[in-house]
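To start, the structure under review is shown below, and the notes come after it.
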Amino acid sequence: MPEDKSTEDQSAKTTGYSDRSYRLKRFCRRRFKIHGFARLLFRWKASVYKLLWREMIVFLGFYGVVSILYRFALKGTTKSNFEKLAFYAYDYTKVFPISFVLGFYVTVVFDRWWTQFKAIPWPDRCVYNIAAHVLGNDEEARIIRRTLVRYLNLSAIMIFRAGSKRVKKRFPTLTHIVEAGILTEEEKNILKDLPSTHPKYWVPCVWFVNLIRMTRKQGRIVSDPAMKTIVDELNNFRDKCDELYGFDWIIVPLVYTQVVTIATYSYFVACLLGRQYLDPEMKFEGHTIDLFFPGFTLLEFVFYVGWLKVAENLMNPFGEDDDDFDMNFIVDRNLQVSFLTVDDLYEMSLPIVRDQHFDITVPDIPYTNAAIKNKSKPWQGSASK
Amino acid sequence: MPEDKSTEDQSAKTTGYSDRSYRLKRFCRRRFKIHGFARLLFRWKASVYKLLWREMIVFLGFYGVVSILYRFALKGTTKSNFEKLAFYAYDYTKVFPISFVLGFYVTVVFDRWWTQFKAIPWPDRCVYNIAAHVLGNDEEARIIRRTLVRYLNLSAIMIFRAGSKRVKKRFPTLTHIVEAGILTEEEKNILKDLPSTHPKYWVPCVWFVNLIRMTRKQGRIVSDPAMKTIVDELNNFRDKCDELYGFDWIIVPLVYTQVVTIATYSYFVACLLGRQYLDPEMKFEGHTIDLFFPGFTLLEFVFYVGWLKVAENLMNPFGEDDDDFDMNFIVDRNLQVSFLTVDDLYEMSLPIVRDQHFDITVPDIPYTNAAIKNKSKPWQGSASK
Amino acid sequence: MPEDKSTEDQSAKTTGYSDRSYRLKRFCRRRFKIHGFARLLFRWKASVYKLLWREMIVFLGFYGVVSILYRFALKGTTKSNFEKLAFYAYDYTKVFPISFVLGFYVTVVFDRWWTQFKAIPWPDRCVYNIAAHVLGNDEEARIIRRTLVRYLNLSAIMIFRAGSKRVKKRFPTLTHIVEAGILTEEEKNILKDLPSTHPKYWVPCVWFVNLIRMTRKQGRIVSDPAMKTIVDELNNFRDKCDELYGFDWIIVPLVYTQVVTIATYSYFVACLLGRQYLDPEMKFEGHTIDLFFPGFTLLEFVFYVGWLKVAENLMNPFGEDDDDFDMNFIVDRNLQVSFLTVDDLYEMSLPIVRDQHFDITVPDIPYTNAAIKNKSKPWQGSASK
Amino acid sequence: MPEDKSTEDQSAKTTGYSDRSYRLKRFCRRRFKIHGFARLLFRWKASVYKLLWREMIVFLGFYGVVSILYRFALKGTTKSNFEKLAFYAYDYTKVFPISFVLGFYVTVVFDRWWTQFKAIPWPDRCVYNIAAHVLGNDEEARIIRRTLVRYLNLSAIMIFRAGSKRVKKRFPTLTHIVEAGILTEEEKNILKDLPSTHPKYWVPCVWFVNLIRMTRKQGRIVSDPAMKTIVDELNNFRDKCDELYGFDWIIVPLVYTQVVTIATYSYFVACLLGRQYLDPEMKFEGHTIDLFFPGFTLLEFVFYVGWLKVAENLMNPFGEDDDDFDMNFIVDRNLQVSFLTVDDLYEMSLPIVRDQHFDITVPDIPYTNAAIKNKSKPWQGSASK
Amino acid sequence: MPEDKSTEDQSAKTTGYSDRSYRLKRFCRRRFKIHGFARLLFRWKASVYKLLWREMIVFLGFYGVVSILYRFALKGTTKSNFEKLAFYAYDYTKVFPISFVLGFYVTVVFDRWWTQFKAIPWPDRCVYNIAAHVLGNDEEARIIRRTLVRYLNLSAIMIFRAGSKRVKKRFPTLTHIVEAGILTEEEKNILKDLPSTHPKYWVPCVWFVNLIRMTRKQGRIVSDPAMKTIVDELNNFRDKCDELYGFDWIIVPLVYTQVVTIATYSYFVACLLGRQYLDPEMKFEGHTIDLFFPGFTLLEFVFYVGWLKVAENLMNPFGEDDDDFDMNFIVDRNLQVSFLTVDDLYEMSLPIVRDQHFDITVPDIPYTNAAIKNKSKPWQGSASK
């Protein structure tokens, strides 16, 4: 069946590690059967190393400078004072519970991050209702349907431009949207002339309502429940735009972010002193060995600052980082899907034929050999004997 | 394309750090590539420093007084007793798990804060339904539509006045609302004469229903589903008002707040004693150095009291702090958007024209050079090969 | 504008500290600018002190008895054994992580508490639909509308009586509800004669449906969508009643509560021994000072037992504690609002007049001087330059 | 008013401690005013003691055996080695953070438990819609309404049988359901003959749809919105059944449960060694006293294993434990309420009369003396002066 | 009643431990009455041992190598240095709070896991609406209904293929779906020819809308609300597909996973050194005994790495692990249920007969003896006396 390879195998070289992890897992399952997450440690893109290598160099640099000062520059009382300071700083690092504050903070930011993903407006519900209820095969009907979905996508692009750097770069001005064919020159002028000081992403939604009202009057929308449902779905769509606007406007209070950052940074400033290898000959408790390189401290750094980076990354998911949502892809996808749905696919008629199982009460859907071995019996309930 | 600068570049000097952080990030990415959150440490507005500088001074003041007493005033047994007391207090600070209680408490308050933001009533859904279903271009139709949205906004302003100091200051009496043109003199008198002891923000919603009922009878609303949907959306709007009322009425139990505050404050009272630098000559364990200034303790103070401040700030988000929701802005925005939607934009008719991609099945939406480099291929699913 | 003082300034002497905290905050902002939460420490009503003073006295009493025994009664080996026991108990107090279990438990109970508040049935949605869809100005129409809302409120009162002590005290028998005019004698008899062993709060909802069906047949409800929407809202209302019933019936499992209580109490039993001031002359580690009064331990007691009290308070929010929801107030409010909405306000007709901004596209809503200083520019989105 | 005692005072001797706690609280408030939760410690039913006494005996038994071995059997080096082992085990118990894993795990299971309660299908919404929209007083109408609600209850019972031991015991075979009058012999045969390998609880829902379709054709359901709403509510009902099926099928992954159980159990295995009282004469640190009975360790056992028991109890809430949901009660209640609603109460007609407050705008609802003292003024909003 | 054994007792040998746990519990209740969770420790399928045995062997192997090196290869200073290193590593293990990060991380992943289960599209709501509203008993009606549900299932299978390895293995190409009778050859060609670069699972939904529109025009769907409701439910179904696509596309940020994995792994690397049994003759603190086998450390390993495995398992629940959702089962079940509902069961007519309790107001539903002992009285509310 190589003929639908073309449909199946496009891409798959995109973001997301679960894909590669799959291949690795499969490979490992067969050969060594080792740990799946372990493999993720060797990824670079969107990785903690890529995010942290600069900070790690800075930290090691400072650590090295302090270390060299202690080893070569300090003498006598100064050296002794440094050692006392190191112990003092070390005590401090034990007192500070940054794991708590990071745990709670990251959980809060993570929830917000996913809620933001769910707040992205997809026009599909509206589009399907237009396909179902705005009838007609003549050119005007086509224009109306295309214009309705154009307004939806325009509204989405305008709110994306407000919050996402990527979309802003793609459409830096309204003229770019005109050039992309999503806004007409005349509509642009109306938008510009509207004497409102607020963002105007909602205006195309009003145009949508006006056009729907006209279409109902023309009778292309034949029923009142259809009219109601289209307006409801438009409102749901617009609510999502407002929700994105709200997320962009009301951010996690600065105080919280500052508190977490101060906690993490001051911890590692204390570590610069407190985690130095002190002269083993002084016989200080816990300082019996001098390894020069602060291996475990660096791991701690990767761990804590990495955790903070998780929060930083998730804080603005509409940016240009590796893990951020690709809003331009969403723009493209939505335009493609919505025009196809209301226009090209609208007119396509499929023959109404009997399906293969037409005379079978309970058809048996085949399994491939690869799939059959995981087949399980239907679950009948835990209380069945 | 400088001609739509005017539309694009108004403002951006508003609250919210993500904006400035963006610019800093971009700058840093290009030059030094250092930590984004780190930059936030140097903001003043809505910052932990601005919120805490008074408390910090008080704490340092007390610390200094105790320190001076210990160093200069106390002698012999008294001094020794003080040292014992300091150790006792120090032991106590280690026992007390304020990070837990703060973590749980702040999480609870944070959730509540965001739920309150989502409870703010926006009239948009109702307004769009009015635009879609209350028909007519004559003056009476205009008046009806304007009156309907006026009632909505009036109801919102009345509930905002109950819970938000800012809106209360803007409209200290009903007469101020009359002057603002949102309430007529006659309506004010009816409100005042209504013999109800409860807040009356719901009364304009009843007027709304009465007017809708009349409009349906007149036939300006032509269908029953339209009637139903407008009443439903009014109810959703009013539910939000009630939700705000509920949040204002039922607050986080005082006990919880007191417990958290007592924990935090008593911790730092203990620190005043327990974190003093004791005479290094006494050879007390952990007291080998005398730094005079309690640097790390101050950081701890910033951290814990700052965390408490987060809770305090989020507790009443309708106040006048830097981070609080700007309800007057919401009042202005809602009035502007709702009048524009049901009146000026209602009457505007756009030509129905073919769009640019009318004959293309899958149009290609252009990218700018700045945006193209982040373009990714469509995601085909993790199970694709 | 003193003339609407009467509308504005009634009350404000009610529960809820956010109100007083406001005044205090404002005062403090102007004078000393100190901590808002700090002020809450000096409240008595619904405070941790009011809740805990008995327990504190008991704890201090026992502590004192043990202390006196140790100081005066015990000698030689017995004394020495007591000291060993004290150290043993002290070790135990360090092992026991009650802060975790309290944190998780209180979070669970807090969520449940707020969900219960949201489960309270408010008749408003139903009432507005009755006002919108049950037409007629004759006496029978009035009677029907009043009867419908009466049934709703009756249903709510019956479920409140099942779960709330306050409402039960107000309406100890059905006869009290008859006297209050919410139930007729005849209806009471039907309720009593109904051979069901289950709580009967749902019966008035069935009467409601029967009456609605009759009203539809009479033509006072003119449309099918209206009929549908009223039944839907009745169902939503009744669902809330069922939800309250569920919360009353299925409580947090006793095991969980016992585990948390045992943990907290046994911690403080251990403290009675382990936190005694042992004779400083014995030179025990950490026992260099004898303060007689266990100040910090008492703070710990306030903290942990106070935290447990939070849970206890939130567990049954329909009781008679200071912080519990005032269900009788809700009963009064709902009756007042629903009768006003469907009856007196139903018949009131407001003149339809042009509003003040009728000819202005974007009206300018005035600010008072007090409010203007906080005015901010509209937020244009974080990605705007 | 003793005459409606019969309605009021049936039962109250049922599960649930909040009821008894009330009485105790009231008593204690009046006499000693002590702690409400404290009282719960003395309950046996559904208590931690009832759940744990066997485990406690086993644990104490093993502890005793080890203790006796150590005291009487071991000598010299063996004894010394045991002591070393005890210290090693003791160190281990300090390392192991079971409170975390228990906290997170129990929270997850608790959420799931309550979600499962909310997933229980109640037929009420459907039933009320049937009462509102399926018209007719003739026998066929009655039969249709009764058959519809019978199908609903049948579907619920079938899914309950799959997941709840109690219901399975009540209706071990379909024949038992036939005997209970909820299924006819003919329907049973159809169910049995249906060639599906999956649980068949959804089949009565299809019958419901078929019957509704027929009823609509007959004209007993007079409107299309009514038809739509009944099918929608049926779907909501069936969704709940599916949700229960999902909860029964997809359980918390075994790994998680094993990890938590291993952590808890291995902790107490370590305690068997590490918490032994070692010979005080050996002068080991922290082993200065020999109490024979491991009191605090037993409290720890009750606490940690009790916490695990909470999870175990909540994991399958449809079982036969004291705290599990009484599904048979739900079956009875639903049958009673749904038949009454669509049949006996359907036909009952109440006189439409003026209520007591007919001519009063804002009626005053009386308070009893017991209730008046808690009466509070209406809340006017925190921003009111 | 053995004759419906066939209906009752199929299967029950499937996944899910709650079933077996039941049997064990029952057995244990009767005999020894011991702990239910304890039993789960001895399961192999989907267990922590099955998941971890490789890692455990690797860990023990490394541990053994280090141990042997220390015991036999290292001498003098090298040995002494190793001991110092071991102490250093041991100190590190105490500093690292992996229990926090694992707790927060697993909670996040667990929530996501269950949300993904809830995001699985079940066609039932749509199917029931088709059965209720698409009328006709002729062949064309049957074909239309069958085609509609076929499109739904096709859409689901296409999105399952994108995210689930199991379904991908079952239907590696579109041709396999054709062979399974869910897609026709012609439809396959249309899918392949559609010039869209995005996954095409939504295309059958558009066909569905087109067919519904045609069916409405034919009059087989007789009402506008029916039309609306079918389109709404299609949209809900398609939304679920999109939600699955979103979960597959936007995964938990790699950084978070890496941070957690690094923390866990580096902890155990440190344990390889720090948890070695050092020579008891050196009299190091805490190293008084040499047990050779690191029993408790291995338990810790099982605990922490097992906890991480929970996260790994839950991360991609559509895979082929023991605990993953069996999507092929869902495919089979959905096809069976939906074809039965709209076709075979559609045509089946049941006689409308009086039920057994027709003349009884409150029927008494019998209990078996096994069930009666758990019967409880109806709950009357906690506030009843």
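Here is how names work: the chains are called A, B, and so on, in the same order as the sequence lines, proteins then strands, and each is numbered from 1. FYI, side chains are in, hydrogens and waters are out, and symmetry mates aren't considered; it's all heavy atoms of this structure.
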Interface check, chain B: of C/F325, C/W114, C/W122, most non-hydrogen pairs under 4.5 Å belong to C/W114

For the residue pair C/F329 and B/W249, does the interplanar ring angle fall in the parallel (under 30°), tilted (30 to 60°) or perpendicular (over 60°) class? perpendicular

Rounding to 0.5 Å, atoms CD1 (C/I352) and CD (B/E139) come to a distance of 12.5 Å

Honestly, the part of B/V231 sitting under 4.5 Å from a heavy atom of chain C is side chain

The interface call for C/V342 against chain B, heavy-atom contacts under 4.5 Å, is neither

- prompt: Is a donor on one side and an acceptor on the other found under 3.5 Å between the side chain of B/N210 and the backbone of C/L345?
  reply: yes

| message | Which label fits B/F100 and C/F100: parallel for a plane angle under 30°, tilted from 30 to 60°, or perpendicular past 60°? | response | perpendicular

> Is any side-chain N of the basic residue among C/D355 and B/R146 closer than 4.0 Å to the acidic one's carboxylate O?
Replying inline: yes

Taking C/H357 for the side chain and B/A180 for the main chain, is one N or O donor matched with an acceptor at less than 3.5 Å?
yes

- Task: Please examine the side chains of C/F303 and B/P97, heavy atoms only from C-beta on, and report whether any two atoms are closer than 4.5 Å.
- Result: yes

- Message: What I'd like to find out is whether the side chain of B/Y92 reaches to under 4.5 Å of the side chain of C/L299, using heavy atoms alone.
- Response: yes

- Message: Using modelled atom types and a 3.5 Å cut-off, is there a donor and acceptor pairing between side-chain atoms of B/R142 and backbone atoms of C/F358?
- Response: yes

*Flag the pair B/W202 / C/D124 as yes when at least one side-chain heavy-atom distance between them is below 4.5 Å, and no otherwise.*
no

Separation between CD1 (B/I250) and CZ (C/F117), nearest 0.5 Å, reads 4.5 Å

Turns out that what part of C/I120 lies under 4.5 Å from chain B's heavy atoms comes down to neither

Bottom line for C/I372: the part with an atom under 4.5 Å from chain B's heavy atoms is neither

For B/L254 and C/A46 the tightest heavy-atom approach is CB-O, 3.8 Å

So, the part of C/L350 with a heavy atom under 4.5 Å from chain B: the answer is side chain

Applying a strict 4.5 Å limit to non-hydrogen atoms, the region of B/R150 in contact with chain C is side chain

Applying a strict 4.5 Å limit to non-hydrogen atoms, the region of C/L314 in contact with chain B is side chain

Honestly, the part of C/F339 sitting under 4.5 Å from a heavy atom of chain B is neither

- Side chain proximity check, B/N328 to C/K375, heavy atoms < 4.5 angstrom: no

One should read off an interatomic distance between C/D344 CG and B/L194 CG, to the nearest 0.5 angstrom, of 8.0 Å

Checked B/V260, B/D332, B/I190 vs chain C; the most non-hydrogen pairs under 4.5 Å come from B/D332

Here the gap from B/K169 atom NZ to C/K373 atom NZ, rounded to the nearest 0.5 Å, amounts to 5.0 Å

For B/D224 and C/P225, the nearest pair of non-hydrogen atoms, with its separation, is CB-CG, 3.8 Å

Under 4.5 Å to a heavy atom of chain B? For C/I98 that would be neither

Cut-off 4.5 Å, heavy atoms of chain C, and the answer for B/I262 is both

If we ignore hydrogens and angles and just use 3.5 Å, is the side chain of B/R213 paired with the main-chain N or O of C/Y346 as donor and acceptor? yes

Under the ring pair (Phe, Tyr, Trp, His ring centres under 6.0 Å) criterion, do B/Y88 and C/Y277 qualify, and how do the steps go?
CA-CA 11 Å; B/Y88 179 72; C/Y277 296 101; 5.6 Å; yes

Of the listed B/C205, B/A162, B/S223, the one with the largest count of heavy-atom pairs under 4.5 Å with chain C is B/C205

Practice prompt. Measure the shortest side-chain to side-chain distance between C/M348 and B/V206 over non-hydrogen atoms and say whether it is less than 4.5 angstrom.
Written response: no

On a heavy-atom basis, the closest approach of C/P351 and B/E186 is CG-OE1, 3.2 Å

Answer key: most heavy-atom pairs under 4.5 Å with chain B among C/V302, C/D364, C/V353, C/N313 is C/V353

Ranking C/L135, C/T361, C/V362 by heavy-atom pairs under 4.5 Å to chain B gives rank one to C/T361

Of the listed C/I289, C/T297, C/D326, the one with the largest count of heavy-atom pairs under 4.5 Å with chain B is C/I289

Exercise. Decide yes or no for B/D232 and C/T229: does some side-chain heavy atom of the first lie under 4.5 Å from some side-chain heavy atom of the second?
Key: yes

Answer key: most heavy-atom pairs under 4.5 Å with chain B among C/T107, C/I360, C/V310 is C/V310

When rounded to the nearest 0.5 Å, the distance separating NE2 of C/H287 from CG of B/D91 is 9.0 Å

Applying a strict 4.5 Å limit to non-hydrogen atoms, the region of B/I230 in contact with chain C is neither

Turns out that what part of B/V337 lies under 4.5 Å from chain C's heavy atoms comes down to neither

Quick one: are B/F104 and C/F110 in side-chain contact, heavy atoms under 4.5 Å?
no

Are the side chains of B/F171 and C/I365 in touch, meaning some heavy atoms are under 4.5 Å apart?
yes

Chain C shares the most heavy-atom pairs under 4.5 Å, among B/R112, B/K94, B/K217, with B/R112

dist B/H198:NE2 -> C/N334:CG (nearest 0.5 Å) comes out at 9.0 Å

Bottom line for C/Y304: the part with an atom under 4.5 Å from chain B's heavy atoms is side chain

Given B/M227, B/R238, B/Q336, B/E243, the one with more heavy-atom pairs under 4.5 angstrom with chain C than any other is B/R238

Applying a strict 4.5 Å limit to non-hydrogen atoms, the region of C/A226 in contact with chain B is neither

Item checked: Atom CG of C/N369: over 12 foreign heavy atoms under 6.0 Å -> no

Cut-off 4.5 Å, heavy atoms of chain C, and the answer for B/V209 is side chain

Applying a strict 4.5 Å limit to non-hydrogen atoms, the region of B/Y256 in contact with chain C is both

When B/N235, B/D242, B/D239 are each screened for side chain to side chain donor-acceptor pair (under 3.5 Å) with C/R125, the one that passes is B/D239

Chain C shares the most heavy-atom pairs under 4.5 Å, among B/E83, B/K228, B/Q258, B/R216, with B/Q258

